[in-house]
Amino acid sequence: MNYTAEMEKAMHKTHGLGYEEYSRKLDQRLEVERKRNEEHQQSKKLVAEVEKQLHR
């Protein structure tokens with residue numbers, strides 16, 4: 001996959017490392033993916049709460 005400058009900038013801003021370092025260092029990649037998973041789970045909970053409130 002080709003990474004754009006915007007993607008690289010977002011990766012640095014969000015995770016503090018670039019795609020090259022992300023792809024080379026397994027421990028950092030696992031930490032990034034753990035955080036992404038946590039954020040995804042939090043988002044799913046928030047959506048479920050909002051949907052529950054809308055359908056009262």
Have a look at V47 and tell me which of K44, K45, E51 forms a side-chain contact (heavy atoms from CB on, under 4.5 Å) with it. E51

Side chains of residues 23-31: which donor-acceptor pairs under 3.5 Å do they make with residues two or more places apart or in other chains?
from: S23; atom 1: OG; to: Y19; atom 2: O; distance (Å): 3.2
from: S23; atom 1: OG; to: E20; atom 2: O; distance (Å): 2.9
from: R24; atom 1: NH1; to: E20; atom 2: OE2; distance (Å): 3.0
from: R29; atom 1: NE; to: Y22; atom 2: O; distance (Å): 3.2
from: R29; atom 1: NH2; to: S23; atom 2: O; distance (Å): 2.4
from: E31; atom 1: OE1; to: R34; atom 2: NE; distance (Å): 3.3
from: E31; atom 1: OE2; to: R34; atom 2: NH2; distance (Å): 2.4

Closest approach of M11 to L17 (non-hydrogen atoms, all atoms of both residues): CG-O, 3.0 Å

Sequence-distant partners of E39, salt bridge (Lys or Arg N to Asp or Glu O under 4.0 Å), two or more places apart: none

Sidechain N-carboxylate O distance under 4.0 Å for E33, R36: yes

